Amino acid sequence: MQRGHHQNVPGKRAPVFRLRLLAWYDAHARDLPWRKNRDPYPVWVSEIMLQQTRVAAVIQHYDDFLRRFPTVEKLARARQSSVLAVWSGLGYYRRARMLHAAAKMIVRELHGKFPQTSGDWRELPGIGRYTCAAIASIACDEPIAVVDGNVERVLSRVSSRRLSEQQVWHAAEDLLDRERPGDFNQAMMELGATVCTPKAPACLLCPVVELCATRGDLPGETKALPQKKREIHYALDHHSENGRPARVFLLQRPRDASLMPGMWELPEISSPGDHAKPLFKVKHSITVTDYTVSVWSSSPSNHTAGKWIAVRQLPKLAMTGLARKILRKAGVTKSAGVR
DNA sequence: AAATCGGGGCT
DNA sequence: AGCCCAGATTT
């Protein structure tokens with residue numbers, strides 16, 4: 001009887017939780033591009049893009065990606081470099097390679113038919129415990145719960161306990177609305193992203209505040225990763241024709257580099273040399289390092305390796321996000337919308 | 001279990 | 001200047 005410790009939202013209150021959460025979601029769900037339908041392909045693409053990536057960042061790439069690769073067949077037929085070019089700036093480029101590999105598997109091995117269960121989705125590269133459940137609940141209506149950073153935070157606040165990974169998944173499964181699993185999962189994440197935020201949660205706006213044990217406090221510890229700082233210098237060299245940028249000198253990263261292998265970037269220079277001032281500076285953070293980037297005007301004679309790339313080709317080139325940012329800021333390329 | 005993989009936006 | 005995000009894979 002008093003064994004109810006293991007229940008996070010007590011069983012009797014779980015139906016109320018579902019009702020209020022879904023009613024809130026029906027009224028407040030953000031109008032996101034991947035919520036236009038429940039077709040497996042766009043849902044799958046969105047879930048891969050959303051791995052460890054904020055909604056706002058995904059929105060900037062999602063429509064471009066689907067325009068370029070409207071079907072799994074088109075994606076499977078594409079070159080990897082084309083896929084990476086559209087992915088450029090989104091980060092975690094392994095996701096793009098695995099998405100591409102999975103598309104080939106779906107076309108060649110599954111004859112273009114998408115998996116219909118979370119277990120079958122799980123077999124594909126780039127799809128782990130979270131993603132297979134997210135896709136299957138949304139696109140296949142399979143009653144399976146997801147746990148991401150949002151869900152974990154919501155559930156630990158609601159229960160006022162720090163839960164092991166096993167416990168979180170169990171709690172999410174208990175709470176799941178089995179009639180509308182896809183909406184329920186998205187509602188949990190939406191609540192975490194927009195109301196039950198890491199800091200300063202908006203409990204006054206929360207549909208389940210009355211069922212919440214903490215109402216804002218988060219039990220347990222936070223893990224702090226040390227963020228290193230580095231300065232780095234790049235050489236920017238470009239030709240102009242008719243007063244417009246025509247070609248730019250770029251370098252391809254080694255194919256076997258662990259970080260962004262095979263992608264194009266500006267040549268790095270060890271020191272600024274005699275130049276008094278860089279063209280400009282930008283800030284950029286990758287993995288655990290915050291870079292202060294200085295961009296220097298440079299003459300061709302300094303270059304040994306690398307290639308002159310036509311500016312018109314740049315949108316189709318697998319460039320690093322930093323290179324894209326620099327070229328945009330330098331006025332070599334226009335704003336992000338160019339295809 | 002821990003390390004690795006991008007990048008950016010908010011506090 | 002931290003923090004941390006609709007995680008998966010490798011070691």
Side-chain angles (χ1 to χ4, degrees), chain A residues 25 29-30 32-35 42-62 84 87-99 101-102 121-139 144-154 164-165 168-169 172 181-194 196-202 218 221-229 253 257-261 263 265 282-293 318-326 336:
Chain A
Y25 183 70
R30 290 171 290 180
L32 300 175
W34 46 91
R35 289 182 177 162
V43 168
W44 169 39
V45 170
S46 74
E47 287 299 340
I48 300 299
M49 286 190 174
L50 284 163
Q51 290 169 359
Q52 288 291 288
T53 305
R54 293 175 189 278
V55 165
V58 172
I59 288 177
Q60 297 180 21
H61 292 82
Y62 182 76
L84 287 172
W87 207 269
S88 171
L90 252 186
Y92 288 125
Y93 298 99
R94 188 171 55 187
R95 294 182 297 176
R97 295 191 185 86
M98 291 189 295
L99 180 70
W121 277 104
R122 186 78 155 86
E123 302 291 315
L124 295 171
I127 296 183
R129 188 174 183 181
Y130 163 82
T131 306
C132 73
I135 298 171
S137 66
I138 296 170
I144 184 171
V146 303
V147 171
D148 74 331
N150 292 306
V151 174
E152 181 176 3
R153 184 173 57 255
V154 168
S164 70
E165 177 167 333
V168 186
W169 282 89
D183 286 342
F184 178 89
N185 284 333
Q186 293 187 80
M188 287 288 282
M189 297 187 283
E190 185 103 348
L191 187 70
T194 65
C196 194
T197 48
K199 295 172 185 173
L218 191 56
E221 89 293 2
T222 57
K223 51 197 169 185
L225 283 180
Q227 198 78 3
K228 301 168 192 161
K229 292 179 188 178
R253 295 176 61 80
S258 66
L259 193 66
M260 300 177 278
M263 299 188 71
E265 61 183 357
V282 297
K283 293 187 181 304
H284 195 70
S285 48
I286 63 173
T287 62
V288 295
T289 307
D290 286 340
Y291 288 93
T292 300
V293 181
M319 258 193 297
T320 66
L322 175 55
R324 213 168 277 284
K325 189 198 285 187
I326 290 172

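Here is how names work: the chains are called A, B, and so on, in the same order as the sequence lines, proteins then strands, and each is numbered from 1. None of these values were measured; they are calculated from a predicted model.
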Whole-Å distance between [N] [atom2] and [X] [atom1]?
{"X": "A:L99", "N": "C:dG7", "atom1": "CG", "atom2": "P", "value": "16 Å"}
{"X": "A:Y291", "N": "B:dG7", "atom1": "OH", "atom2": "P", "value": "10 Å"}
{"X": "A:K228", "N": "C:dC3", "atom1": "NZ", "atom2": "P", "value": "16 Å"}
{"X": "A:I59", "N": "C:dA6", "atom1": "CD1", "atom2": "C1'", "value": "12 Å"}
{"X": "A:W34", "N": "C:dA6", "atom1": "CH2", "atom2": "P", "value": "10 Å"}
{"X": "A:L322", "N": "B:dG7", "atom1": "CG", "atom2": "P", "value": "7 Å"}
{"X": "A:M263", "N": "B:dC5", "atom1": "CE", "atom2": "P", "value": "14 Å"}
{"X": "A:L84", "N": "B:dG7", "atom1": "CG", "atom2": "P", "value": "12 Å"}

Mind checking if [X] touches a base, just sugar-phosphate, or nothing, with heavy atoms under 4.0 Å?
{"X": "A:W87", "value": "nothing"}
{"X": "A:L32", "value": "base"}
{"X": "A:S46", "value": "nothing"}
{"X": "A:R129", "value": "sugar-phosphate"}
{"X": "A:R35", "value": "base"}
{"X": "A:T197", "value": "nothing"}
{"X": "A:K229", "value": "sugar-phosphate"}
{"X": "A:L90", "value": "base"}
{"X": "A:R153", "value": "sugar-phosphate"}
{"X": "A:G192", "value": "nothing"}

In terms of the nearest nucleotide of DNA chain B, which residue is placed more toward the 5' end: A:K199 or A:G91? A:G91
Any heavy-atom pair between the side chains of A:L90 and A:T53 that's under 4.5 Å? yes
A:L84 vs A:R97 side-chain heavy atoms within contact, under 4.5 Å: yes
Say you pick atom C1' in C:dC4 and the same atom in B:dC5; how far apart are they, in whole Å? 15 Å
Results of side chain to side chain donor-acceptor pair (under 3.5 Å) for A:Y92 - residues two or more places apart only: none
Aromatic plane relationship, A:W44 with A:W121 - under 30° parallel, 30 to 60° tilted, over 60° perpendicular: tilted
Identify all pairs in which a protein N or O lies below 3.5 Å from an N or O of nucleotides 9-11 of chain C, and state each distance.
residue, atom, partner, partner atom, Å
C:dT9, OP1, A:G126, N, 2.5

Distance check: side-chain N/O of [X] vs OP1/OP2 of [N], anything under 4.0 Å?
{"X": "A:K325", "N": "B:dG8", "answer": "yes"}
{"X": "A:H284", "N": "B:dG8", "answer": "yes"}
{"X": "A:Y92", "N": "C:dC5", "answer": "no"}
{"X": "A:Q52", "N": "C:dG7", "answer": "yes"}
{"X": "A:T131", "N": "C:dA8", "answer": "yes"}

Pairing donors with acceptors under 3.5 angstrom, does anything connect the side chains of A:R35 and A:Q186? yes
For A:R253, the salt bridge (charged side-chain N to carboxylate O under 4.0 Å, His left out) test, sequence neighbours excluded, returns A:E265
Do A:R54 side-chain and C:dC4 base share a donor-acceptor contact under 3.5 Å? yes
Hey, is the side chain of A:T53 pairing donor to acceptor with the base of B:dG6 inside 3.5 Å? yes
Shortest non-hydrogen contact between A:R324 and A:S88, atoms and distance: NE-OG, 2.6 Å
